[in-house]
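First the structure, in the form of structure tokens, and then the observations on it.
Note that the structure is predicted; figures quoted are calculated from it, not measured.
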Amino acid sequence: MNFRPGKRPAGGFIDMTPVVDTIFNLLIFFALSMNFLANPGVTVDLPDASAPQVGREEGDIRIGITPEGGIRLDGAPVTLEALGARLRELAGERRDPRVLIRADRRVPHGLVVAVMDAARSARLTRLAIMTQRAER
């Protein structure tokens, strides 16, 4: 083998190590910075329990959640999987409807969030959680 220090290959060699290092550094930077972005979450109008009840509007979509986890959409039973499709249908029929969620206090928080997520996926943005007036 002929090792001469001053001679380079004729094809022109580019060292890729700095390029790969830079790409990995950028990848790590963007991966870490994505964790610090504000998550908008679900916009909810939470009325205070001691405040007056929110008035009902014509065209409201009412979702009830029983303590056993059953979901009722405007009084009719529906599964969580079918809720999104049914909400999309109702959103097309009604003009800017508000979704009123009435969940029993024993319902797991995750189920309420899943119902809210189904409403958001149906492009319904006016959400309210129904409460009862606190007794003094």
Side-chain angles (χ1 to χ4, degrees):
M1 294 191 143
N2 188 5
F3 293 106
R4 292 183 210 185
K7 204 162 198 189
R8 292 190 176 177
F13 176 72
I14 297 175
D15 186 17
M16 293 299 293
T17 305
V19 175
V20 172
D21 287 343
T22 303
I23 289 174
F24 279 131
N25 281 329
L26 287 172
L27 180 66
I28 291 170
F29 172 76
F30 286 119
L32 290 176
S33 66
M34 293 303 283
N35 289 333
F36 297 114
L37 292 178
N39 187 1
V42 180
T43 306
V44 180
D45 179 19
L46 291 174
D48 194 90
S50 61
Q53 294 285 332
V54 176
R56 293 198 176 159
E57 298 175 2
E58 186 178 336
D60 281 347
I61 298 173
R62 291 173 291 135
I63 300 175
I65 306 174
T66 64
E68 298 80 29
I71 301 171
R72 299 183 75 79
L73 179 62
D74 284 339
V78 66
T79 64
L80 183 60
E81 295 78 20
L83 182 63
R86 185 71 182 113
L87 285 172
R88 276 189 281 285
E89 291 174 14
L90 290 175
E93 296 170 4
R94 301 177 186 180
R95 185 172 176 248
D96 194 25
R98 181 175 57 174
V99 178
L100 301 176
I101 300 172
R102 183 180 185 137
D104 188 272
R105 69 179 69 215
R106 294 169 290 197
V107 171
H109 182 69
L111 181 57
V112 176
V113 171
V115 168
M116 293 169 69
D117 188 46
R120 293 284 295 180
S121 68
R123 304 230 185 261
L124 295 169
T125 57
R126 298 177 61 205
L127 303 174
I129 305 266
M130 295 180 70
T131 61
Q132 61 184 2
R133 189 173 192 116
E135 294 185 30
R136 293 182 180 189

Quiz item: With I71, which of V115, I101, T79 fulfils side chain to side chain contact (heavy atoms under 4.5 Å, CB included)?
Solution: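 So, applying the side chain to side chain contact (heavy atoms under 4.5 Å, CB included) to I71 and each of V115, I101, T79, only V115 qualifies.
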Practice problem: Apply the side chain to side chain contact (heavy atoms under 4.5 Å, CB included) test between I65 and each candidate in V107, D104, L80; give the one that qualifies. | Solution: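 Output: one option passes, namely V107.
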Give me the atom names and distance for the closest heavy-atom approach of [X] to [Y].
{"X": "R120", "Y": "T125", "result": "NH1-CG2, 3.6 Å"}
{"X": "D74", "Y": "D60", "result": "OD1-O, 4.1 Å"}
{"X": "A122", "Y": "G84", "result": "CB-O, 4.0 Å"}
{"X": "A118", "Y": "L83", "result": "CB-CD2, 4.0 Å"}
{"X": "P97", "Y": "L124", "result": "CG-CD2, 3.5 Å"}
{"X": "P18", "Y": "D15", "result": "CD-O, 3.5 Å"}

Self-check item: side-chain hydrogen bond (donor to acceptor under 3.5 Å, both in side chains) pairs, two or more places apart, involving residues 18-30
Solution: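 Found none.
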Quiz item: Do V78 and I63 pass the side-chain contact (heavy atoms from CB on, under 4.5 Å) test, and can you show the C-alpha distance, the side-chain angles, and the key distance before you say yes or no?
Solution: CA-CA 10 Å; V78 66; I63 300 175; over 6 Å; no
Quiz item: Out of curiosity, does F24 fall in the hydrophobic cluster containing M16 (side-chain heavy atoms, cut-off under 4.5 Å, transitive links)?
Solution: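 No, M16 and F24 fall in different hydrophobic clusters.
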Quiz item: Quick one: CZ on R102 to CZ on R72, what's the gap to the nearest 0.5 Å?
Solution: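 Between R102 CZ and R72 CZ, I get 13.0 Å after rounding to 0.5 Å.
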